[in-house]
**Q** 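Take this structure, written in structure tokens, and hold onto it; I'll ask about it next.
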Amino acid sequence: MSTTESGKTGEVGGDELGAAGSHLSTAPQEDRGPNLPRLGVIGWVRWFWRQLTSMRVALILLFMLSLGAIPGSLIPQSGVDEMKVQTFKDAHTTVSPVYDKLGLFHVYSSVWFSAIYILLFISLIGCIVPRTWQFVGQLRGRAPGAPKRFTHLPASATWRTDAEPEQVRAAALEILRKRRFRAHVSGDSVASEKGYLREAGNLIFHIALIVMLIAFAWGQLFKSEGGKLMVEGDGGFSNALPMYDDFKSGNLFNSDTDLTPFSFQLDKFDGTYERNGPNKGSPRVYRANVTYSVGATGKEQKTAIQVNDPLEIDGTKVYLNGHGYAPTVTVRDGRGKIVSRQAVPLLPIDSNVTSTGAVKVMDGYRDKNGKREQLGFNAFFVPTFAGSGKGNMFSQFPALDYPVLALSAYHGSLGVDSGIPQNVYQLDTSKMKKFTDSKGELLKTRLRPGETMKLPNGAGSITFDKDIKQWASFQITHQPGDGWALAGALAAIAGLAGSLFIQRRRVWVRATPGADGVTVVEMGGLGRSESSKVAEELGDLAAHLHERAPSAADPQPAVPAEGAEK
């Protein structure tokens, strides 16, 4: 038995092999003839469509889409945080107008990003549809017959045997089918093919990309996202638009029908922190204990929401987003009447929960002359104070080890009736007057829980109560299409693996009677691309077939083809 492995690649010329070397791929063939005819309008449209639906252009568009997502990750986006966008514009006055014109503050809804997205979508569909039908046709068809000369194939083998040609073909058919080749007898040879999953994997990969694109577009159009800050024990939250502190949604989202009906309230926030070591101050327990119910008449249930462990209700997820302290303060007028008692959420400014904010008394207060007035207090809170004379007033640890509240007092108009939105953590003192101390300076003091700051001239007082509550902020999101996007990503990985590691190949076995009556067996293999595995597999198949049809006892000397190896 002699085997030969040609130096040619798997891309053997179709003129030499005929139908045997065709249709190993569903990739469209480009006409690269030197003398192309002049194109009319229809010709140019057809040329443009072929270019758009080519794999090369699809990869270029996919690369452009990836590049386009980079500024969306590095530059603040108006759809995510308007305050960060405004801060960026204030800090970068030169480039901000350019970014604005290019749509870099809203990349994913910009015209240019949408154009790339749509062109990629069209390119993938235009590429997949014809290749799918062609692949279906190949599945329904049979492997083509054997070429005339096996020596033109990348790998071939031949020997002489005493077995009858019919017996050799039957044995070859059985062996090939056991190896999961699609085989059939064609004339004096057996034709077989294997590796269809390569092209199936290629198609699955591109179909999965389309699924991911559709899921992404669906999620952007029908998504909703909002935030809510809740203090321990305060009123609950119902999933309705007026209950959100901030809310944004996709263009096709309907707040009247698409919001999942549920409600919840914050019972208690549990937070413990590392006391020693290099990770001192890092959270060990960071958990919001809530009571929730689904629907208008749903039964109340208790659960805990933690970082990366949201509460999920009918596709809507409630994430724990932040945490801070809400000192309780009681404000009295000059007659000792309580005009306000509230737990005031303060905004953390560092990892040790040093917090700032404002206490605003908008209604119910009258000065000593009975005139209606509003009070305002700038607040600075530290859960663990280092002590007087030990540096600035910044917290040394995030837990409530030694809480101190610093206040400065104002009176007048808070400006809340002007119709201009205000930051709840900041105090607008443009229409307010300072309360002053005996030196004529702004009245300010530090309070420990239970201590009181007296306002001058019998204006009242403010008490830092011992009941220090905690608050938690939640992000409520509804992102349809996530499941489809995940399924598409997994399918894309599986399809890509199949298209990379599975090789499409064909094997032929010809058995014909020789001039001396001894059967001549020829085997040949052809792969879609050059690979040593084709020769290895053909050698293994030849060895198994040789066991069933061994070489003749007295074989004629084999004359190898020119350039072949014995």
Side-chain angles (χ1 to χ4, degrees), residues 80-81 84 219 223-240 243-248 259-295 298-327 343-355 357 381 383-384 395 397-401 403 425 467-483 485-486 489:
V80 177
D81 195 327
K84 284 187 177 181
K223 73 174 183 179
S224 68
E225 184 177 87
K228 179 64 178 179
L229 185 147
M230 301 180 70
V231 179
E232 291 175 330
D234 279 6
F237 167 85
S238 297
N239 194 25
M243 298 293 292
Y244 284 89
D245 295 332
D246 59 84
F247 184 84
K248 56 181 178 291
L259 286 173
T260 305
F262 71 92
S263 60
F264 73 96
Q265 66 179 17
L266 176 62
D267 299 328
K268 182 176 175 55
F269 185 88
D270 292 329
T272 61
Y273 306 90
E274 194 70 44
R275 289 282 176 180
N276 301 296
N279 295 322
K280 181 181 179 180
S282 299
R284 296 182 62 186
V285 176
Y286 209 70
R287 177 174 61 232
N289 300 297
V290 301
T291 300
Y292 74 97
S293 61
V294 181
K299 182 181 177 182
E300 289 189 345
Q301 305 175 64
K302 293 186 178 294
T303 188
I305 303 175
Q306 303 183 69
V307 178
N308 297 326
D309 186 15
L311 169 64
E312 185 170 0
I313 303 172
D314 294 337
T316 299
K317 295 182 179 181
V318 182
Y319 292 91
L320 176 60
N321 203 35
H323 158 261
Y325 291 103
V344 183
L346 301 179
L347 185 66
I349 60 174
D350 61 23
S351 59
N352 285 326
V353 203
T354 302
S355 306
F381 175 78
T384 302
S395 179
F397 195 73
L400 290 171
D401 291 348
Y425 301 106
D467 182 19
I468 303 176
K469 295 185 177 181
Q470 300 185 74
W471 60 260
S473 61
F474 299 93
Q475 184 175 353
I476 299 96
T477 64
H478 179 70
Q479 186 79 29
D482 282 353
L486 177 60

**Q** So, taking the atom named CZ in Phe264 and the one named CD1 in Ile305, what distance separates them when rounded to the nearest 0.5 Å?
**A**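 So the CZ of Phe264 and the CD1 of Ile305 are separated by 5.5 Å.
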**Q** State the CG-CD distance between Asp246 and Gln475, to the nearest 0.5 angstrom.
**A**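 So the gap between those two atoms works out to 8.5 Å.
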**Q** My understanding is that only residues two or more places apart in sequence, or in another chain, count here; which of them pass side-chain contact (heavy atoms from CB on, under 4.5 Å) with Ser473?
**A** Asn321, Trp471
**Q** Side chains of Tyr292 and Val318: does their closest heavy-atom pair fall under 4.5 Å?
**A** no
**Q** Is the side chain of Thr272 donor-acceptor paired with the backbone N or O of Val285 at a distance under 3.5 Å, no angle test?
**A** yes
**Q** May I ask you to check whether Phe237 and Phe474 place their ring centres under 6.0 Å from each other?
**A** no
**Q** Taking everything shown except Gln301 itself, do over 12 heavy atoms lie less than 6.0 Å from its CD?
**A**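 Atom CD in Gln301 is crowded, with more than 12 foreign heavy atoms closer than 6.0 Å.
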**Q** Any idea which heavy atoms bring Ala343 and Ala326 closest together, and the distance?
**A** CB-O, 3.8 Å
**Q** Drop me the distance from Tyr319's OH to Glu312's CD, to the nearest 0.5 angstrom.
**A**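 Reported value, rounded in 0.5 Å steps: 7.5 Å.
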**Q** Search all heavy atoms of Thr260 against all heavy atoms of Asn239 and return the closest pair with its distance.
**A** O-ND2, 2.6 Å
**Q** Testing the basics here: between Gly281 and Pro398, what is the closest heavy-atom pair and its distance to 0.1 Å?
**A** O-CG, 3.7 Å
**Q** Test your reading of the model: is there a side-chain donor-acceptor pair from Ser355 to the backbone of Val353, 3.5 Å cut-off?
**A**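 A pair under 3.5 Å: yes.
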**Q** Applying the side chain to side chain contact (heavy atoms under 4.5 Å, CB included) criterion to Lys302, which one of Val290, Asn289, Asp267 satisfies it?
**A**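 Single side chain to side chain contact (heavy atoms under 4.5 Å, CB included) partner of Lys302 among Val290, Asn289, Asp267: Asp267.
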**Q** Can you tell me how far CD of Gln470 sits from CE of Met230, rounded to the nearest 0.5 angstrom?
**A** 14.5 Å
**Q** Sub-3.5 Å donor-acceptor pair from the side chain of Lys228 to the main-chain atoms of Met243, do we have one?
**A**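 Flag set: sc Lys228 to bb Met243 pair under 3.5 Å.
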**Q** Give me the one residue out of Glu232, Lys469, Arg287 that meets side chain to side chain contact (heavy atoms under 4.5 Å, CB included) with Phe269.
**A** Glu232
**Q** Taking salt bridge (charged side-chain N to carboxylate O under 4.0 Å, His left out) as the definition, give me every residue that meets it alongside Lys299, ordered by chain and number, with sequence neighbours left out.
**A** none
**Q** Kindly indicate whether the side chain of Tyr273, heavy atoms from C-beta on, has any atom under 4.5 Å from the side chain of Phe397.
**A**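 Heavy-atom side-chain distance check passes, below 4.5 Å.
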**Q** How far apart are the closest heavy atoms of Gly315 and His478, and which atoms are they?
**A** O-ND1, 3.3 Å
**Q** Distance only, no hydrogens: is a donor on one side chain within 3.5 Å (strictly under) of an acceptor on the other, for Ser395 and Thr384?
**A** no
**Q** Calculate, to the nearest 0.5 Å, the distance between atoms CG and CG belonging to Leu320 and Asp309 respectively.
**A** 10.0 Å
**Q** Once the angle between the rings of His323 and Tyr325 is folded into 0 to 90°, is it parallel (under 30°), tilted (30 to 60°) or perpendicular (over 60°)?
**A** perpendicular
**Q** To the nearest 0.5 Å, what is the distance between NZ on Lys280 and OG on Ser351?
**A** 11.5 Å
**Q** Any side-chain heavy-atom pair from Ile476 and Thr316 closer than 4.5 angstrom?
**A** yes
